[in-house]
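Okay, structure first, notes after.
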2 protein chains.
Amino acid sequence: MELIQLGHIIRDKRNELGLTQEVLSLQSDVAIKTIHSIELGKANPSIKTLTKLLESLQLSLIVINKKIN
Amino acid sequence: MELIQLGHIIRDKRNELGLTQEVLSLQSDVAIKTIHSIELGKANPSIKTLTKLLESLQLSLIVINKKIN
DNA sequence: TTACATTCGGCAATATATTACTTATTTATT
DNA sequence: AATAAATAAGTAATATATTGCCGAATGTAA
């Protein structure tokens, strides 16, 4: 899970739902500054912060067994 | 993703691999104090810290569409 | 151009995660 | 019981995440 990929997932889903960063900020109770930092892959969010965002975006974080390379 | 569940996943996998918290700490470069706090669900780790642990445990963090309830 | 909405980023303040050090507690074994 | 290994937890210091405030940049439309 690269931070840059995570940012893209959040941004894409937010756009799919037609939400601005500001609206997502209000819904998730995460600062807009934090949101755009995460979307750009420049932040290293905590699980709690990330989960609040993902909840608003109808997404979930799960742990899986790693692929064998 | 509840923090307590996450802790159980990490603890169970660590035991499966026969690693002590100390060994996992050395392998993942995460402080042992941080590890047992996470395992007990008392910590709110960052993505980077969590990913370092999961890497050592052959686990991955992914984002999925949330189940419809 | 102007105006507006949206996103980006610098800066400082606050909150909190992480660490190191130390001691306590648990658990297993003899 | 005693000993050792592993885990838990308290404290303090440091690093960093989060926030708020502000202005800059970007894109869109009139």
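Order of the sequence lines sets the chain letters (A, B, ...), proteins ahead of strands, with each chain counted from 1.
Note that NZ of A:K13 is 12.0 Å distant from OG of A:S56, once rounded to the nearest 0.5 Å. One finds the OG1 atom of B:T20 at 10.0 Å from the CG atom of B:N15 (value rounded to the nearest 0.5 Å). Note that the CG atom of B:L40 and the CD1 atom of B:I35 stand 12.0 Å from one another [nearest 0.5 Å].
Distances shown here put a side-chain N or O of A:R14 below 4.0 Å from the OP1 or OP2 atom of C:dT7. Between B:Q21 and D:dA8 there is a side-chain polar atom (N or O) within less than 4.0 angstrom of OP1 or OP2. For the OP1/OP2 pair of C:dA17 and a distance below 4.0 Å, the side-chain nitrogens and oxygens of A:S46 include no atom meeting the criterion. Phosphate contact (OP1/OP2 of D:dA9, side-chain N/O of B:S37, threshold under 4.0 Å): absent. Using a 4.0 Å cut-off, no side-chain N or O of A:K33 falls inside it from OP1 or OP2 of D:dC22.
Comparing atom distances between the A:A31 side chain and each of C:dT7, D:dT11, D:dG20 picks out D:dG20 as nearest. Taking every side-chain heavy atom of B:V30 into account, C:dT19 is the closest of D:dT19, C:dT19, C:dT7. The listed nucleotides are C:dG9, D:dT7, C:dT18; the one nearest the side chain of B:P45 is C:dT18.
When each of B:E22 and A:I35 is assigned the nucleotide of DNA chain D bearing its nearest heavy atom, the one mapping closer to the 5' terminus is B:E22. Mapping B:T49 and A:R11 onto DNA chain C by nearest heavy atom places A:R11 at the nucleotide closer to the 5' end.
Atom NE2 of A:H36 and atom P of D:dG27 are 16 Å apart (whole Å). Taking atom CD1 of A:I38 as the reference point, atom P of C:dC8 lies 12 Å away to the nearest angstrom. In this structure, the CG atom of A:L19 is 15 Å from the C1' atom of C:dT7, given to the nearest Å. Whole-Å rounding puts the A:K48 NZ to D:dT18 C1' distance at 13 Å. The interatomic distance linking A:K52 (NZ) with D:dA17 (C1') rounds to 12 Å, in whole Å. Atoms CD1 (B:I32) and C1' (C:dT18) sit 14 Å apart, rounded to a whole Å. In this structure, the CG atom of B:L40 is 15 Å from the C1' atom of C:dA24, given to the nearest Å. Whole-Å rounding puts the B:N44 CG to D:dA17 P distance at 12 Å.
Within the 4.0 angstrom heavy-atom criterion, no nucleotide atom of any strand lies near B:N15. Here B:T20 lies in heavy-atom contact (under 4.0 Å) with sugar-phosphate atoms only.
The two residues B:T34 and B:T49 have their closest heavy-atom pair at CG2-CG2, 4.1 Å.
Using modelled atom types, one finds a donor on one side chain and an acceptor on the other under 3.5 Å when comparing A:Q21 with A:E39.
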